[in-house]
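Single-structure report; data block below.
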Amino acid sequence: MCQTLGVTLAALTTLMCMATAGMDRDVVVPASGLIGGTVRLPCDTSPPSPHNPLLLTVWFKDHLQDPIYSYDVREDIQAFGKHWYDDLNLGGRAFFGGENKSSFLSIENLKDSDRGAYRCRVDFKQAPSRIYKLSLEVVVLPSRVVILTKSGNSLEDDRYSEGSDLRLICTVTGGRPTPRISWMANATELASTKVNHNKDGTISSILDFGPVSRSHHGMQFICSVSNTNLSTPSTAAGVLKLKLLPLVVSIDSPHEPLAANGNYSLSCTSYGSYPPAVLSWWLDATKISEQDSEVSVLHNSNTTNSILNFIPNIGDTGKFLKCRAENLEMSASQIEDSWNLDINYIPAVRLTLGPTLDADKIKEGDDVYFECNIDAKPAIYKTSWWFNGAELRQNVREGIIMGNQSLVLQHLTRDNTGTYSCQATNTIGKGRSKPRQLDIKYKPICSLDQKKIYGVARGEVVSINCSVSANPGKDLVFRWTFNNTSELANIQDTRFSQNGTMSRLIYSPYHELDYGTILCWAANELGEQEEPCTYHIIPAGTVR
């Protein structure tokens, strides 16, 4: 048995089989070509013997008695022969070529009217003629292939939930012979359940895929349509998109203690949702402004990432920072990851005076102590004390004693007056208290750099200024005395005046005994000064 090997080759093979079998006139060789394309109709012109060469080849179509094409070599069998064609049928679109068994009639720019039955008659010099029958099918490819869902939408425009049934309809417009429709999903061939021939001339293939699951998301469905092996199949494709719940949401940043007032970029990632999940940040039940976060969606993925610019404060300790993921197209889709915040902070320091002390009644000779109250996380590893902006050092001999969080100052002097502060240090940083003023009260003392010796002539008037320093310096009471070799006498109040911390004495010596030493005392609420201010009155001209 002879077997066909394709369209044109099959026709040629069939002719060879006919010649071998002794010319069965009832065998019709099928041939096909694409509309607008070219087809070759085979006709074996091999002479039966060298003494019976080819004379004439004549082509007929359908039931026409007149030929549509001829190839004549009767006038000169050594020449190329004479070609003739019928203008009404093939016109200039046909040409006879080849030789012997490979002879053929080529028809270009195939038209629908070229369909039909063809006969090729081959005449030899003295041998019987041969007649070959062929059937030409002009193939019209499908003009349109489309995949729609049962709702009439394209597959990409519909969203399916997990578990819902998927039915796809592939509709084909045009095509002769009737196209064959096949389905594939991700390169796996599927079986359609039903083919419909519609009233509008289209045909439809229905694919009942069944329930869809997460694993089917992104699956590509292809409807392949073919009615000839002369051309690649026409196809339509669609990608299945499911509505998917987010599977995971995670705050990716290490859950380590944060420093108060530090600036952090915290990352949260969610995947599994389609459309990609919307991420939001929450602090306990309060939503954090979207202006503080940047969201990105990985390309061609169901993964979403959000970066939060977060500045924690001490009050956030123990609160839960949450990253929430949700699919806005699905109800009850929220999932979240939370982080119980642990906030570290620089020491908050407050300096207080010992509770038994009255800051308004501290005086020279007293002992005082300060307490440094510290709130810090993590714990401090160092404390330091500061006086008037300079760090204090412990000096027990001078009465400066430092404890863990306390400072003791013994036997105060007026030099200890000033501002004190406490500083604490942990791994986050340093915190210093507000300065605390220590105001030490003391009795009046003589001011430095006063004039001590006055050279005065007899009868000359001199003004002697007695200036003191005192705390408090208000409401001072001054007294003056005169001392010479024979007496110590108080000077009348009417002879001196007072302005704040200074008293002025008007004095004039008249006798020798009026020269001597003048003493000035001042007193405040703590008492009179221990040592008076001393001024010497000597005769004029004796001052050295």
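Residue numbers run from 1 in the order of the sequence given. Just so it is clear, the structure is predicted and the values come from calculations on it, not from any experiment.
Between W183 and I147, the closest heavy-atom pair is CZ3-CD1, 4.1 Å. Across I181 and C223, no two heavy atoms sit closer than the pair CG2-SG, 3.5 Å. In plain terms, the two heavy atoms of H255 and I251 that are nearest each other are NE2-O, 3.6 Å. Minimum interatomic distance between Y160 and D165 (heavy atoms only, all atoms of both residues): CE2-O, 3.8 Å. In this structure, A359 and R436 approach most closely via the heavy-atom pair CB-NH2, 4.0 Å. Between I400 and Q394, the shortest heavy-atom contact is O-CG, 3.4 Å.
A salt bridge links D208 with R167: the distance from a Lys NZ or Arg NE/NH1/NH2 to an Asp or Glu carboxylate oxygen falls below 4.0 Å. Salt bridge status for D439 with K441: present, with a side-chain N to carboxylate O gap under 4.0 Å. In this structure, E530 pairs ionically with K443, as a charged nitrogen and a carboxylate oxygen lie closer than 4.0 Å.
In this structure, S463 and R504 have side chains that are in contact, with non-hydrogen atoms separated by less than 4.5 Å. The shortest distance between side-chain heavy atoms of E371 and P355 falls below 4.5 Å. Put simply, the side chain of T235 does not reach to within 4.5 Å of the side chain of V145, judged on heavy atoms. Residues T425 and T383 fail the side-chain proximity criterion, which asks for heavy atoms closer than 4.5 Å. Under the 4.5 Å side-chain criterion, counting only non-hydrogen atoms from C-beta, L240 is in contact with L166. Looking only at side-chain heavy atoms (C-beta outward), E391 and S384 come within less than 4.5 Å of each other.
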Check: Is there a side-chain contact (heavy atoms from CB on, under 4.5 Å) between E528 and R479 once you walk through the steps?
Finding: CA-CA 10 Å; E528 191 173 73; R479 69 183 181 90; 2.8 Å; yes
Next item on the list: Show your reasoning for whether side chain to side chain donor-acceptor pair (under 3.5 Å) applies to S154 and D157.
Entry: CA-CA 5 Å; S154 66; D157 291 339; 2.8 Å; yes
Next item on the list: May I have the step-by-step check of salt bridge (charged side-chain N to carboxylate O under 4.0 Å, His left out) for K241 and D158, ending in yes or no?
Entry: CA-CA 7 Å; K241 302 293 186 181; D158 274 356; over 6 Å; no
Next item on the list: Give the C-alpha distance, both sets of side-chain angles, the deciding distance and a yes or no for side-chain contact (heavy atoms from CB on, under 4.5 Å) between I518 and I464.
Entry: CA-CA 9 Å; I518 295 178; I464 303 173; 3.6 Å; yes
Notebook entry, point to check: Would T202 and T173 count as a side chain to side chain donor-acceptor pair (under 3.5 Å) if you check the C-alpha gap in whole Å, the side-chain angles of each, and the deciding distance to 0.1 Å?
Noted result: CA-CA 5 Å; T202 61; T173 302; 5.6 Å; no
Next item on the list: Evaluate side chain to side chain donor-acceptor pair (under 3.5 Å) for T188 paired with N186, printing each intermediate quantity in order.
Entry: CA-CA 6 Å; T188 299; N186 284 358; over 6 Å; no
Next item on the list: Evaluate side-chain contact (heavy atoms from CB on, under 4.5 Å) for N484 paired with T517, printing each intermediate quantity in order.
Entry: CA-CA 6 Å; N484 58 19; T517 301; over 6 Å; no
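Within a 6.0 Å sphere centred on CG of N395, heavy atoms belonging to other residues, nucleotides or ligands number more than 12. The number of heavy-atom neighbours closer than 6.0 Å to CG of D475, taken from other residues, nucleotides and ligands shown, is 12 or below. Within 6.0 Å of atom CD in Q437, more than 12 heavy atoms from other residues, nucleotides or ligands are found, so the atom counts as buried in its surroundings. Enclosure of atom NZ in K452 by more than 12 non-hydrogen atoms of other residues, nucleotides or ligands within 6.0 angstrom is indicated. More than 12 heavy atoms of other residues, nucleotides or ligands lie within 6.0 Å of CD in Q220, so this atom counts as buried by the packing criterion. The 12-atom threshold is not exceeded at CD of E290, counting heavy atoms of other residues, nucleotides or ligands nearer than 6.0 Å. For Q492, the CD atom counts as loosely surrounded, since its 6.0 Å shell holds 12 or fewer non-hydrogen atoms of other residues, nucleotides or ligands. Atom CZ of R159 has more than 12 neighbouring heavy atoms from other residues, nucleotides or ligands inside a 6.0 Å radius.
Formation of a donor-acceptor pair under 3.5 Å by the Y369 side chain with backbone atoms of I401 is not found in this model. Distance alone, capped at 3.5 Å, places no donor-acceptor pair between the Q334 side chain and the E326 backbone. Y515 contributes a side-chain N or O that, together with a main-chain N or O of V456, makes up a donor-acceptor pair within less than 3.5 Å. With hydrogens and angles ignored, the 3.5 Å screen pairs no side-chain donor or acceptor of E294 with any backbone N or O of I307. Counting only distance, with no hydrogens or angles, the side chain of D358 and the backbone of D360 share a donor-acceptor pair below 3.5 Å. Put simply, the side chain of Y345 never gets that close to the backbone of N261: no donor and acceptor are under 3.5 Å apart. A donor-acceptor contact shorter than 3.5 Å is absent between the side chain of Q423 and the backbone of K430. Looking only at distances, a side-chain donor or acceptor of D514 sits under 3.5 Å from a matching main-chain atom of H511. Side-chain atoms of D367 come within 3.5 Å of backbone N or O of H411 as a donor-acceptor pair. Counting only distance, with no hydrogens or angles, the side chain of R458 and the backbone of A540 share no donor-acceptor pair below 3.5 Å.
Within the model, atoms CD1 of I343 and CG of N313 stand 7.5 Å from one another, a figure rounded to the nearest 0.5 Å. Atoms CG and CG, on L266 and L308 in that order, are 5.5 Å from each other to the nearest 0.5 Å. Atom OG of S333 is separated from atom CG of N327 by 5.5 Å, given to the nearest 0.5 angstrom. Within the model, atoms CG of L526 and NZ of K363 stand 7.5 Å from one another, a figure rounded to the nearest 0.5 Å. Atom CG of N471 sits about 9.0 Å away from atom CD1 of I440, to the nearest 0.5 Å. In this structure, CG on N305 lies 4.0 Å from OG1 on T269, to the nearest 0.5 angstrom.
Geometrically, R324 does not engage W281 in a cation-pi contact, judged by NZ or CZ lying under 6.0 Å from the ring centre and within 45° of the ring axis. Both tests hold for R414 against Y442: distance to the six-membered ring centre under 6.0 Å, angle to the ring axis within 45°. Geometrically, R432 engages W386 in a cation-pi contact, judged by NZ or CZ lying under 6.0 Å from the ring centre and within 45° of the ring axis.
For H536 and Y454, the ring centers sit 6.0 Å or farther from each other. Checked against a 6.0 Å centroid threshold, the rings of F496 and F478 do not count as neighbours. Residues Y420 and F387 place their aromatic rings such that the two centres sit under 6.0 Å apart.
Taking the six-membered ring for Trp and thresholds of 30 and 60 degrees, F209 and H216 have ring planes more than 60 degrees apart, a perpendicular arrangement. The aromatic rings of H217 and Y274 lie tilted to each other, with the angle between the two planes from 30° to 60°.
Sulfur atoms SG of C372 and C422 are positioned under 2.5 Å apart. If you check the gamma sulfurs of C533 and C446, they are less than 2.5 Å from each other.
Residue S306 is tested with S270, S280, C323, S293 for a side chain to side chain contact (heavy atoms under 4.5 Å, CB included); the sole match is S293.
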